[in-house]
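Basis for what follows: all heavy atoms, side chains included, without hydrogens, waters or symmetry-related copies. Residue numbers count from 1 along this sequence. Counting starts at 1 for both ligands and their atoms, in listed order. In this text the structure is predicted, and so the values were computed from the model without any measurement.
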Amino acid sequence: MKKISRRSFMAAAAVSVAALALTACGGSASSAASSVASSAASSEAVSSAAAAELTTVEAGKLTMATNATFPPYEMTTDSGEIEGIDVDTAKAIAEKLGLELQIDDMEFDAALLSVQQGKADIVMAGVTVTDERKAVMDFSDSYATGIQSIIVPNDSDIASPDDLAGKKIGTQRGTTGYIYCSDDFGEDSVVAYDSGLTAVQALNNGQVDAVVIDNAPATEYVAANPGLKVLDTSYAEEDYAIGMAKGSALEDAVNKALEELKADGTLQAIVDKYINAN
Ligand code: ARG
């Protein structure tokens, strides 16, 4: 039962949300856009030397597997374009490596497998670092924090993670939300949907009593569905990182790029562009 250890995360989770909110206030949407642009321009010259030595799935390209149903990390616009925090971050990393970003959109569990099978160089999909995943793939340094949140109808009697016992819980297949809820409440209590959105639709239709999903998409889904709310208590705190094949030769270059993007404010500017613009 992982329930107990996760419970102790909750105080920490609250603190990190506060910290995120504080740093968030610093950037405006316009400064975000300009610093992304300028860092993109300046990194181009530096990168070509590094690229020559990098072997990727497709020469000259950084192939990223993702599941673009997870706003604001990756989502598909009405015109069919894939955008989001992970997409902009991957673009910036690719540029630093002198590679062209190629995005392959697929189901979340397939995206995790894709790097393990050598079909993609990286998986960026708000992927949580877990020990089980570390056994089959490598992870970059973490670039964001996620919280497993609980979405319920406004009039629900569910007010804390404990109240999920005996309820039907909707999750996205292959996610940590699915894994934690099956561990804690039994597989029979958990329904796996293709995406967070279809899980939320099932909640709207009364097919499940709650949805457990990462806080950032939870906030967006609830904003778009007036009858639903996100509980204040969080179920688990997690680190997001970039997944790669075990022993991937790209790992050092990816971590170096990520470190530079953190240090020069690009990463924060990207987050501000998608999360804190209002
Ligand atoms: N953070 C969770 C996990 O790693 C959910 C990620 C889902 N991401 C997505 N793009 N659908 O299991």
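By the rule that hydrophobic residues join a cluster once side-chain heavy atoms approach within less than 4.5 Å of another member, Val127 and Leu261 end up as members of separate clusters.
Between the OG1 atom in Thr76 and the CZ atom in Phe70 there is a gap of 13.5 Å [rounded to 0.5 Å].
Assignment of Tyr73 to the shell around ligand 1 is not supported, since no heavy atom sits closer than 4.0 Å. Heavy atoms of Gly146 come nearer than 4.0 angstrom to ligand 1 in no pair at all.
Thr128 and Thr130 are not linked by any side-chain donor-acceptor pair at a separation below 3.5 angstrom, with hydrogens and angles left out of the test. If you check the side chains of Gln268 and Asp272, you find a donor sitting under 3.5 Å from an acceptor. Using modelled atom types, one finds no donor on one side chain facing an acceptor on the other under 3.5 Å when comparing Asp105 with Asn67. A side-chain N or O of Tyr240 and one of Asp214 form a donor-acceptor pair less than 3.5 Å apart.
For ligand 1, the atoms lying closer than 4.0 Å to a non-hydrogen atom of Val127 are 4 (O). Listed by number with element, the atoms of ligand 1 under 4.0 angstrom from any heavy atom of Tyr240 are 1 (N). Close approach of ligand 1 to Ala125 is summarised as follows: ligand atoms under 4.0 Å from at least one heavy atom of the residue are 6 (C), 7 (C), 8 (N), 9 (C), 10 (N). Every atom of ligand 1 is numbered from 1 in the order shown, and the set under 4.0 Å from a heavy atom of Asp214 is 1 (N), 2 (C), 5 (C). Listed by number with element, the atoms of ligand 1 under 4.0 Å from a non-hydrogen atom of Arg133 are 3 (C), 4 (O), 12 (O).
Checked against a 3.5 angstrom limit, the closest N/O atoms of Thr176 and ligand 1 fall inside it. Taking only nitrogen or oxygen atoms, main chain and side chain alike, Thr66 does not reach within less than 3.5 Å of ligand 1. Looking at ligand 1, you won't find any N or O of Gly174 less than 3.5 Å from one of its N or O atoms. Taking distance alone, with nitrogen or oxygen atoms compared against 3.5 Å, Glu74 approaches ligand 1 more closely than that limit.
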Check the pair Tyr235 / Cys181 against side-chain contact (heavy atoms from CB on, under 4.5 Å), numbers first and verdict last. CA-CA 10 Å; Tyr235 184 38; Cys181 289; 3.7 Å; yes

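Just one residue in the list Leu101, Leu250, Leu54 forms a side-chain contact (heavy atoms from CB on, under 4.5 Å) with Asp121, and that residue is Leu250.
For atom 7 (C) of ligand 1, the nearest non-hydrogen atom of the protein is Phe70 CE1, 3.4 Å.
By the criterion of a heavy-atom distance under 4.0 Å, both the backbone and the side chain of Asn67 are placed next to ligand 1.
A donor-acceptor contact shorter than 3.5 Å links the side chain of Ser189 to the backbone of Phe185.
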